[in-house]
Each structure stands twice: as C-alpha cells, then as structure tokens.
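Read the structure below first, then the notes.
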Amino acid sequence: MLEVNISGLNLKSPIILASGILGVSFSIMKKLMDAGLGAITTKSIGPRPRKGYKNPSIIEIFPGTFLNSVGLGNPGIENFTSEIKEIKTNNIPLIVSVFGDTNESYLDVALKAQEAGADAIEINISCPHAEVSSIGINKNLTFDLTKLLKEKLSIPLFVKLNPNVTDICEIALAAQEGGADGVVAINTIAAMKIDVNTMRPILSHGSGGLSGKAIHPIAVKKVYDLYKILKIPIIGCGGISNWEQAIEFFLAGATSLQIGTILYQGLDIIKMLNTGIRDYLTINNFKNISDIKGLSHEFETQKVPDF
Ligand SMILES: Cc1cc2nc3c(=O)[nH]c(=O)nc-3n(C[C@H](O)[C@H](O)[C@H](O)COP(=O)(O)O)c2cc1C
C-alpha cells in the first residue's frame, strides 16, 4: 500500500531522507531504514573535501523552523565511495546528491557515485547559501547541466529545485526538457536573522536557508503548481512534521516525499508518517498512494472575481 515507483526506483515507503540531514555515515542510514524510510538521500557530495561555514551555521528561529548555512561541507566523492559501497552492500536504496564547480565536475562526481552503486542521482542546483544556486535560477544552465548528466548516466536523475526564483515552473520545465526523471521541490528558502544586540546577522555566513515547519505551505504550493505543468514525478519536500502534511503533498501532486528538519525530534516520526498515511488510505478506501496523487486539482478554484 505504501510502495511507490519514481521513474523506475521502487521504494517500500514514500518517505525519503532529504539531503544534508543527519550526516552521511552508514550506521545512521541503517537506523533510518530500520525505522521505516523508503530511501536515503546523502548529503550533497562535491568533487573534493569541503569544510563548510563556521558556526553558528544552524539556529532554530521559531519552534520547528531552522535557518542554516552549513555551506555544503562534505568529504568529497573520492572519500565517499566506500560509504556508498557499504550502504549498497546492505541493500539500502540510495540517492546520491551531487554538486560540482562546472558541468563536467558535476558529471564526474555523478559518474563516480553511479559506479560505486548509487541507485539514483539528485543534482543540487539550489542551495541558497552556496555557489550552486546560480544554476537553479537559470533555465538555460539547468537544461544544459541536466542534459549532460542524463546523456551519460544510466540511473534515474532527479533535479532539486530552488524555491528562490520568480517562476519555479520555468526551471522545472527546463529540467524536464533536459531529460530529468523527476524533480525534488523544494530546497530551503533564502532567509536571514539579525541579532539586535550585536547588530549583526547571526549566521557566520550572514544569510542561510529556511527549513522546517514554516516552509510547508510554501512547498505545497510549489508542488501544486509544478503538477499542473510537469509530466515527470515530483518528490515533495519542505516542513513535513505530521502525516496530514505528508498527505497534503500527495493531494497537491507529489509521487513521493522527503523529510529533513523534523528528524531533529528523533526517528519516531518515520513510523508515525507511515502509519498515518496507511490509515488515511484505508479509511478513505484507497489502495495506493498513486490513487490520491493530485486529487486536490479536481476541486475547481475560484477565478479572480469581477469588480
Ligand atoms: C542542516 C541542513 C543541511 C542541508 N544540506 C543540504 C544539502 O547538502 N543538499 C541539499 O540539496 N539540501 C540540503 N538541505 C535542504 C534539505 O534537503 C531540504 O530540502 C530542506 O531542509 C526542506 O525540508 P525540511 O523542511 O523537511 O527540512 C539541508 C537542510 C538542512 C536543514
């Protein structure tokens, strides 16, 4: 009942770990899978080790809502391939999130991840506190990068979208045209917090990306808009903290979901989401998640009223 298929990737639960959450070690990933996740997305991995920004790099600004600028700190693909191999030896469905400094370096990292055993690649073109965000705000750059990777990869390719744009649909269509097998919507929302006593931004980098509870309605609207124009699957991501919010994403048009910030409360949320989704389907006489995908679009919304 909870199984989903995202462009050939079969998962036993629609709930996937979002990129950058809870590190990249095999032991943590195993615990997450045992708790009932359908797949893991790794932290974004680049061509070489990178430290990321100094602390403070993550703060809670409202209950359940965080601002971060970790700055894509990661071990680099050469050091990470052994981790991918260990995860795959244990049969954990694995999406490797990658980034690079040029299109060729994105490709190189993605090919190495594929060779090490990744089941799918997600490209990060959307982190609001790193250079990669410049790709995700430009439809031509998004198309070129997606096309290059799609031509060379044999596993599914997902594009993680940047919400910090005027028209997310235009970028998503460029990714689809480039051959993407799905999009992830959304990455964090560019934001800032200033300390009134020191009169400075609190994060060491100045600004960062907003995640958690506050961004959920924004992410639902992006998925709703994307569903109207895309043919490829949408993986909904942003602020999920209970099963109702997970269902909202499906009704808006998502095929699958990613969760991130809520995991700071512990792993019990995974079971609560799986149980809540299953019960909702049963009570409402649906057999599969695909039966409720996009159903909110059947409701005719009111057009702009006349004067
Ligand atoms: C501390 C932190 C680190 C993150 N690192 C990455 C990353 O490396 N790559 C990426 O694509 N997204 C990254 N994200 C964004 C998440 O994957 C996700 O898109 C976002 O947090 C919204 O989901 P949530 O509200 O469930 O956390 C990060 C988010 C947080 C909070």
Side-chain angles (χ1 to χ4, degrees), residues 14-24 28 32 37 39-46 50-53 55-77 80 95-100 106 109-110 113 120-133 135-136 158-164 168 182-191 203-205 208-220 222-223 234-243 245-246 248-249 254 256-265 269-270 273:
I15 316 292
I16 302 170
L17 175 70
S19 177
I21 312 288
L22 297 182
V24 289
I28 294 174
L32 287 162
L37 276 191
I40 300 284
T41 312
T42 68
K43 176 150 202 58
S44 293
I45 304 294
R50 173 167 156 143
K51 276 200 179 117
Y53 298 121
N55 287 332
S57 61
I58 178 156
I59 50 168
E60 186 170 18
I61 56 170
F62 316 114
T65 298
F66 287 72
L67 187 57
N68 93 83
S69 62
V70 291
L72 296 182
N74 79 97
I77 188 66
F80 192 61
I95 303 168
V96 177
S97 168
V98 306
F99 71 97
Y106 264 93
V109 178
I121 298 293
E122 179 179 297
I123 44 174
N124 181 356
I125 55 167
S126 46
C127 191
H129 47 82
E131 315 83 299
V132 296
S133 62
I135 303 171
F158 304 134
V159 176
K160 182 145 178 198
L161 296 174
N162 187 346
N164 309 297
I168 199 168
V183 294
V184 182
I186 55 176
N187 208 319
T188 53
I189 298 173
L203 294 178
S204 68
H205 177 59
L210 199 67
S211 70
K213 289 185 179 169
I215 76 167
H216 177 261
I218 300 171
V220 170
K222 302 289 182 207
V223 169
I234 304 162
I235 301 173
C237 176
I240 296 175
S241 65
N242 57 45
W243 66 264
Q245 292 172 333
E248 275 188 70
F249 269 116
S256 183
L257 307 174
Q258 290 186 355
I259 58 167
T261 303
I262 190 60
L263 287 164
Y264 81 102
Q265 285 185 352
I269 182 71
I270 299 169
L273 290 175

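Remember, it's 1-based here, ligands and their atoms both numbered in the order they're listed. Along the sequence shown, the residues carry numbers beginning at 1.
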Side chain, backbone, both or neither: which part of L72 has a heavy atom under 4.0 Å from ligand 1?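 Near ligand 1, L72 shows its side chain, while the N, CA, C and O stay back.
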
Structural part of I58 in contact with ligand 1, heavy atom criterion under 4.0 angstrom: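 For I58, the contact with ligand 1 is made by the side chain alone.
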
Nearest-0.5 Å distance that lies between atom NZ in K51 and atom CG in L72: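 Between K51 NZ and L72 CG, I get 15.5 Å after rounding to 0.5 Å.
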
Could you tell me whether ligand 1 has any atom less than 4.0 Å away from a heavy atom of N187?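 N187 counts as a contact of ligand 1 under the 4.0 Å cut-off.
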
Any V184 heavy atom less than 4.0 Å to ligand 1: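 So V184 does not count as touching ligand 1.
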
Just checking, any donor-acceptor pair under 3.5 angstrom between side chains of S211 and T261?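 Their side chains do contain a donor-acceptor pair, which is all the 3.5 Å distance test asks for.
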
Determine whether the side chains of N187 and S126 contain a donor N or O and an acceptor N or O closer than 3.5 Å.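 Side chains of N187 and S126: pair found under 3.5 Å.
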
Would [X] count as being in polar contact with ligand 1, using the rule that some N or O on each side must be under 3.5 angstrom apart?
X: S19; answer: yes
X: I240; answer: no
X: T188; answer: no
X: K160; answer: yes
X: N68; answer: no

If the plane angle is over 60° it's perpendicular, under 30° parallel, otherwise tilted; pick one for F249 and H216.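 Because their plane-to-plane angle is over 60°, the rings of F249 and H216 count as perpendicular.
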
Minimum distance, heavy atoms only, to atom 21 (O) of ligand 1: which one of S211, A214, C237 is it?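 Result: the heavy atom closest to atom 21 (O) of ligand 1 is in S211.
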
